[in-house]
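Notes to accompany the following structure.
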Amino acid sequence: MSHDKILTFFAHFIEKELGIIYAEHNYFQLKNRLEEIAKLKGIETIERLYEEAQKGIQGAFKQLLLDIATNNETSFFRDPKVFKAIEALILAEYQKKSPFGARLNIWSAAASTGQESVSTAILIKEFASKMGVNINFGITATDISERVLTRARKGSYSQLEVQRGLPAPLLIKYFKKDENDTWQVVPEIKNCIQFRTQNLKESLSFPEPFDLILCRNVLIYQNVEGKKEILNRITKTLAPGAFLIMGSGESLLGLSNDYESVSSEGAVIYRKKMPSLDKKAA
Ligand SMILES: C[S@@+](CC[C@H](N)C(=O)[O-])C[C@H]1O[C@@H](n2cnc3c(N)ncnc32)[C@H](O)[C@@H]1O
């Protein structure tokens with residue numbers, strides 16, 4: 001079996017499971033990663049790994065394959081204007097509309113190692129304290145990769161990680177340095193976030209509709225059909241009038257008519273349209 005055929009086999013498997021497309025010019029990267037997996041499994045060559053795969057790709061083997069295909073790049077308060085927009089638009093509106101009795105339900109849909117959900121929780125706590133109110137909120141943070149979720153659940157970050165995007169006063173207030181020189185998220189923040197595995201390509205089931213979904217820097221790896229399919233599913237989990245935030249290089253243009261775009265603080269965010277009266281009557 002030629003290397004090219006083996007790489008095509010694994011690339012197709014990854015595309016089917018994740019929707020992530022490995023272009024042929026990136027096959028060298030896939031080859032390096034498959035060699036890493038082979039080593040981890042105590043197998044000498046990727047030919048042998050391919051033979052092993054013919055028996056079925058399941059369990060830990062499948063997870064390893066999905067893990068190597070994902071890019072987990074993230075940082076605290078990534079794209080800061082988005083967080084300013086959440087405060088200026090979503091939290092401000094929520095405060096006006098509701099006396100904070102109702103729970104604000106948030107989903108970080110490609111959470112990686114958790115920085116996005118931790119930043120959002122900190123933002124809400126800071127806003128609440130500035131306004132002198134109590135905000136009842138919960139964040140569900142999901143990712144396909146168990147490896148990143150295991151890290152996210154620990155809520156433990158290196159010096160280098162906290163230096164990426166986290167202002168010093170917030171670091172001091174919401175993290176505690178442990179004896180290994182890593183920074184632990186305080187329980188006040190950690191307890192607001194629930195982590196769970198979720199492949200966005202598979203069906204979604206959540207107990208309540210979301211008021212805000214952060215789905216940033218994940219659809220970028222999908223083809224147009226994959227993006228539409230995921231967006232369609234995600235949209236059903238959002239309450240009417242609720243918000244969707246994509247990555248700074250991503251847009252809904254040509255992908256969905258279910259939203260109107262709103263600009264705030266230099267960020268573009270999307271608001272799910274209210275059902276029209278015609279549709280309601282139908
Ligand atoms: C680049 S990170 C983005 C993290 C964060 N949202 C941000 O913008 O900083 C993309 C994440 O999407 C996850 N991912 C990729 N494909 C996925 C899928 N089909 N379902 C769920 N998560 C996926 C990856 O494991 C990775 O952690």
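Note that the structure is predicted; figures quoted are calculated from it, not measured.
Contact check on Lys201 versus Glu229 returns a salt bridge, with a Lys/Arg side-chain nitrogen under 4.0 Å from an Asp/Glu carboxylate oxygen. A salt bridge links Glu73 with Arg164: at least one charged nitrogen is closer than 4.0 Å to a carboxylate oxygen. Contact check on Asp178 versus Lys176 returns no salt bridge, with no Lys/Arg side-chain nitrogen under 4.0 Å from an Asp/Glu carboxylate oxygen. Under the 4.0 Å criterion applied to side-chain N and carboxylate O atoms, Glu146 and Arg153 are assigned as salt-bridge partners.
For Asn71 and Tyr221, the side-chain atoms include at least one donor-acceptor pair closer than 3.5 Å. Donor-acceptor pairing under 3.5 Å is lacking for the side chains of Thr113 and Tyr157.
A donor-acceptor distance shorter than 3.5 angstrom exists from the side chain of Asn191 to the backbone of Pro187, with no hydrogens or angles considered. A donor-acceptor contact shorter than 3.5 Å links the side chain of Arg271 to the backbone of Gly241. Here the side chain of Glu250 pairs a donor or acceptor atom with the backbone of Asn217 at under 3.5 angstrom. Ser119 places a side-chain N or O within donor-acceptor distance of the main-chain N or O of Phe77, the cut-off being under 3.5 Å. Distance alone, capped at 3.5 Å, places no donor-acceptor pair between the Thr70 side chain and the Asn72 backbone. Checked by atom type and distance alone, the side chain of Asp211 pairs as donor or acceptor with a backbone atom of Asn105 at under 3.5 Å. Of the possible donor and acceptor atoms, one in the side chain of Lys272 sits under 3.5 Å from a partner among the backbone N and O of Thr235.
Few gaps surround NZ on Lys81; more than 12 heavy atoms of other groups in view lie less than 6.0 Å from it. The environment of Gln159 atom CD is dense: over 12 non-hydrogen atoms of other residues, nucleotides or ligands sit within 6.0 angstrom. For Gln54, the CD atom counts as densely surrounded, since its 6.0 Å shell holds more than 12 non-hydrogen atoms of other residues, nucleotides or ligands.
Between Phe76 and Phe175, the gap from one ring centroid to the other is short of 6.0 Å.
Residues Ser112 and Asp143 share a closest heavy-atom pair of N-OD2, 2.9 Å. Nearest heavy-atom pair, Val268 versus Ser263, reported as atom, atom and distance to 0.1 Å: CG2-OG, 4.1 Å. Nearest heavy-atom pair across Met246 and Leu244 is SD-CD2, 4.0 Å. The minimum heavy-atom distance between Ala110 and Arg216, with the atom names listed, is CB-O, 4.4 Å. The two residues Ile213 and Ala109 make their nearest non-hydrogen contact at CG2-CB, 4.3 Å.
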Report the C-alpha separation of Arg196 and Gln194 in whole Å, then their side-chain angles, then the decisive distance to 0.1 Å, and conclude whether the side-chain hydrogen bond (donor to acceptor under 3.5 Å, both in side chains) test is met.
-> CA-CA 7 Å; Arg196 70 173 233 207; Gln194 271 201 325; over 6 Å; no
Given salt bridge (Lys or Arg N to Asp or Glu O under 4.0 Å), test Lys62 with Glu17 step by step and report yes or no.
-> CA-CA 10 Å; Lys62 180 172 172 185; Glu17 291 292 323; 3.3 Å; yes
Please walk me through it: do Ser145 and Asp67 pass side-chain hydrogen bond (donor to acceptor under 3.5 Å, both in side chains)?
-> CA-CA 6 Å; Ser145 164; Asp67 274 349; 2.5 Å; yes
Walk me through it: do Lys130 and Glu126 pass the test salt bridge (Lys or Arg N to Asp or Glu O under 4.0 Å)?
-> CA-CA 6 Å; Lys130 195 164 73 182; Glu126 285 292 291; over 6 Å; no
Salt bridge (Lys or Arg N to Asp or Glu O under 4.0 Å) between Lys39 and Glu35, worked out | CA-CA 6 Å; Lys39 219 194 239 166; Glu35 281 167 356; over 6 Å; no
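To the nearest 0.5 angstrom, Asn134 atom CG is 11.0 Å from Ser129 atom OG. To the nearest 0.5 angstrom, Ser158 atom OG is 12.5 Å from Asn180 atom CG. Taking CD1 of Ile124 as the reference point, atom CZ of Phe137 lies at 4.5 Å (rounded to 0.5 Å). Between the CD1 atom in Ile68 and the CD atom in Gln29 there is a gap of 9.5 Å [rounded to 0.5 Å]. To the nearest 0.5 Å, the span separating CD1 on Ile144 from CG on Leu66 amounts to 5.0 Å. Separation of atoms CD1 (Ile245) and CD1 (Ile269) is listed at 4.5 Å; rounding is to 0.5 Å.
Under the 30°/60° scheme for interplanar angles, the aromatic rings of Trp107 and Phe206 are found to be tilted.
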